[in-house]
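Along the sequence shown, residues are numbered consecutively beginning with 1. A quick note: this is a predicted structure, and the numbers were derived from the prediction, not measured.
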Amino acid sequence: MTDDGQTGDYIVLEFPQVFSLDSQEEAFVLTLHREFKTKDFFVRWEHDCLKVFLCRLDVERLTALLVQADLPAGSVFYLLLEKVAGIGSYGVRAGKRIYVNYQSERKVQGRKSKEKDRQRFYYTRDHEFSQNNQPLPAEFQDRIICADSEEFLKSLPDNCIDLIFTSPPYNFGLEYPDQTDSNQWELYFDKLFRIFAECIRVTTYGGRIIVNVQPLFSDYIPSHHLISQFFIRNKMLWKGEILWEKNNYNCKYTAWGSWKSPSSPYLKYTWEFIEVFCKGDLKKKGDSSRIDISADEFKQWVVARWSIAPERRMKEYGHPAMFPEQLAERVLKLFSYREDVIMDPFNGTGTTCAVAQRLGRHYLGIDNSAEYCARAEKRLQNDDIGDGWLDFV
């Protein structure tokens, strides 16, 4: 097998010293030509050499076809799969690995110096964040706490939580036990921002606060912008914004606003927002052996539009506004290490904590509803990992 080469729109892999293909292998070549588009991937036999022309490829599909073909041991096509799967530089789109021109976007010349000239992170200048991170006290590790988050968080030391992932009540008027979800907006944001101020304090230097939120369009309250402005005013670095595409097609049609008129059309959305902030530094230091995200996951998830179906078990858990575990899994694997401490100050029925436990993170969940805390604890016990317990404060 020779080194990779590139010609035109393909990477070319060569497998010399292949003197002939048996009948099964010849049939497999025909299968490849049938199953894959020539512009993406094809193979060619030339002068006792198998050549592979590679532009983009569904590697999982190739693997499945190879298994189905049941080729003899030592077949060159096993080497082909091993070679293709071992290529580390590629993009991902629609389930295919993109090997050619995946980095073809226009590059900025002298980017670092231009960032300095523009005064990158100007809004975080003169922050007073300590770099002295501390462990979370053992009595609060892997715990569900039934309490008012604003008051409970005051009992935690500074810089002790690696990542906060939460979705606060949206003030839509949904039915929650032990609380009201329809307050005057000033009161709602005053309370929310007092809790978030404590969240900033307890987050480690280099740690992240990630908030899932949807604006209340009927009230014309851009909650995601107001929340982002709060964190920016408080010297947090804006890492980015992820669109959680829920593919809720019921939202694509509307009978509100002005019908077929520019008078006052009512805009509808099929997605929610995930706002990502960092404390002090964009880079979070950690042990590389505790990274658990795969290459394909990383390449897909850094594209900041996540198509994930809404949670379908809300009736089972008795909660009107849960986010799915897949959303929490992506956040935790992309932005934290195994054994990090993960907190949700609006824990609800414990999605963040359940996923954290399953992924080998420590967790702390806080909610003021005894009913939800009990369900969250039961959920953690059913996962059969660890021995978390419920506490009332």
Side-chain angles (χ1 to χ4, degrees), residues 120-137 140-141 143 145 147-171 185-213 222-242 273-286 323 328 331-332 334-337 340-348 352-353 356 361-368 393:
R120 192 184 191 206
F121 312 145
Y122 75 94
Y123 54 89
T124 67
R125 284 182 307 208
D126 303 322
H127 73 72
E128 298 180 354
F129 297 138
S130 169
Q131 298 189 37
N132 182 27
N133 293 336
Q134 305 181 64
L136 177 69
F140 300 131
Q141 186 167 287
R143 302 291 187 253
I145 303 293
D148 177 275
S149 288
E150 180 186 356
E151 296 305 316
F152 174 76
L153 287 171
K154 294 175 182 177
S155 66
L156 298 184
D158 296 351
N159 294 35
C160 64
I161 303 292
D162 294 293
L163 182 143
I164 294 172
F165 179 47
T166 192
S167 183
Y170 291 173
N171 207 37
W185 284 107
E186 291 88 350
L187 297 176
Y188 168 80
F189 282 115
D190 283 349
K191 176 68 173 179
L192 183 64
F193 291 161
R194 289 197 300 271
I195 294 172
F196 281 159
E198 289 296 323
C199 287
I200 292 172
R201 182 184 64 78
V202 302
T203 298
T204 57
Y205 192 88
R208 285 78 186 261
I209 297 179
I210 303 176
V211 182
N212 166 225
V213 64
S223 305
H224 59 313
H225 291 313
L226 298 176
I227 288 171
S228 293
Q229 290 168 12
F230 168 81
F231 282 112
I232 289 172
R233 286 197 306 271
N234 284 272
K235 306 295 186 179
M236 294 288 284
L237 284 164
W238 181 74
K239 175 70 172 176
E241 178 180 82
I242 299 166
F273 299 90
I274 301 173
E275 306 296 329
V276 184
F277 294 91
C278 303
K279 181 175 175 180
D281 197 332
L282 288 175
K283 185 174 182 179
K284 185 181 190 305
K285 297 179 180 178
F323 53 74
V331 167
L332 268 56
L334 186 59
F335 292 106
S336 72
Y337 300 83
D340 275 357
V341 178
I342 312 299
M343 186 179 80
D344 188 344
F346 299 98
N347 192 55
T352 299
C353 293
R361 276 81 168 159
H362 296 292
Y363 63 85
L364 172 60
I366 311 163
D367 202 279
N368 62 2
V393 176

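Annotation: side-chain hydrogen bond (donor to acceptor under 3.5 Å, both in side chains) contacts of Q229 (sequence neighbours excluded): none. Residues satisfying the ring-ring contact (aromatic ring centres under 6.0 Å, His included) test with H127, not counting sequence neighbours, are F129. Applying the side-chain hydrogen bond (donor to acceptor under 3.5 Å, both in side chains) rule to S228 yields the partners E275; only residues at least two apart in sequence or on another chain are considered. For D281, the side chain to side chain contact (heavy atoms under 4.5 Å, CB included) partners at least two apart in sequence or on another chain are Y205, K283. In this view, F196 and F231 satisfy the ring-ring contact (aromatic ring centres under 6.0 Å, His included) rule, not counting sequence neighbours. Under the rule for a side-chain hydrogen bond (donor to acceptor under 3.5 Å, both in side chains), the partners of S336 that lie at least two apart in sequence or sit in another chain are R361. A search for salt bridge (charged side-chain N to carboxylate O under 4.0 Å, His left out) contacts involving K285 returns nothing, not counting sequence neighbours. For K235, the salt bridge (charged side-chain N to carboxylate O under 4.0 Å, His left out) test picks out no residue, with sequence neighbours left out. Scanning for side-chain hydrogen bond (donor to acceptor under 3.5 Å, both in side chains) contacts around N347 gives an empty result, with sequence neighbours left out. Taking D344 as the reference, nothing meets the salt bridge (charged side-chain N to carboxylate O under 4.0 Å, His left out) condition, with sequence neighbours excluded. Remark: F230 pairs with F193 by the ring-ring contact (aromatic ring centres under 6.0 Å, His included) rule, at least two apart or across chains. Applying the salt bridge (charged side-chain N to carboxylate O under 4.0 Å, His left out) test to E198 and every residue at least two apart in sequence or in another chain returns R201.
The two residues K284 and G207 make their nearest non-hydrogen contact at CE-CA, 4.5 Å. Nearest heavy-atom pair across I195 and P345 is CG2-CB, 4.4 Å. Minimum heavy-atom separation, F152 to A147: CB-CB, 4.0 Å. Minimum heavy-atom separation, S155 to F140: OG-CZ, 4.3 Å.
Just one residue in the list I164, V276, L332, L334 forms a side-chain contact (heavy atoms from CB on, under 4.5 Å) with I210, and that residue is V276. Looking at F323, F277, F346 one by one, the single match for ring-ring contact (aromatic ring centres under 6.0 Å, His included) with F165 turns out to be F323.
Distance check: K279 NZ to I200 CD1 gives 8.0 Å after rounding to the nearest 0.5 Å. To the nearest 0.5 Å, atoms OG1 (T204) and CG (N133) are separated by 4.5 Å. Taking CD of E150 as the reference point, atom CG of N368 lies at 11.5 Å (rounded to 0.5 Å). In this structure, Y363 OH and R143 CZ are separated by 7.5 Å, a value rounded to the nearest 0.5 Å.
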Inset, instruction - List the steps and the verdict of side chain to side chain contact (heavy atoms under 4.5 Å, CB included) for M343 and L136. - result: CA-CA 11 Å; M343 186 179 80; L136 177 69; over 6 Å; no
Inset, instruction - Take R194 and D148 through the test salt bridge (charged side-chain N to carboxylate O under 4.0 Å, His left out) and record every step on the way to the result. - result: CA-CA 12 Å; R194 289 197 300 271; D148 177 275; over 6 Å; no
Inset, instruction - Give the C-alpha distance, both sets of side-chain angles, the deciding distance and a yes or no for side chain to side chain contact (heavy atoms under 4.5 Å, CB included) between L282 and K239. - result: CA-CA 7 Å; L282 288 175; K239 175 70 172 176; 3.9 Å; yes
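Using a 4.5 Å cut-off on side-chain heavy atoms (C-beta onward), I366 and L153 make contact.
Under a 3.5 Å cut-off, the side chain of D162 and the backbone N or O of I342 do not form any donor-acceptor pair. Listed for the N159 side chain is a donor-acceptor partner under 3.5 Å among the backbone atoms of S130. R208 places a side-chain N or O within 3.5 Å of a backbone atom of F335 that can act as its donor or acceptor partner. The backbone N or O of F273 sits less than 3.5 Å from a side-chain atom of N212, completing a donor-acceptor pair.
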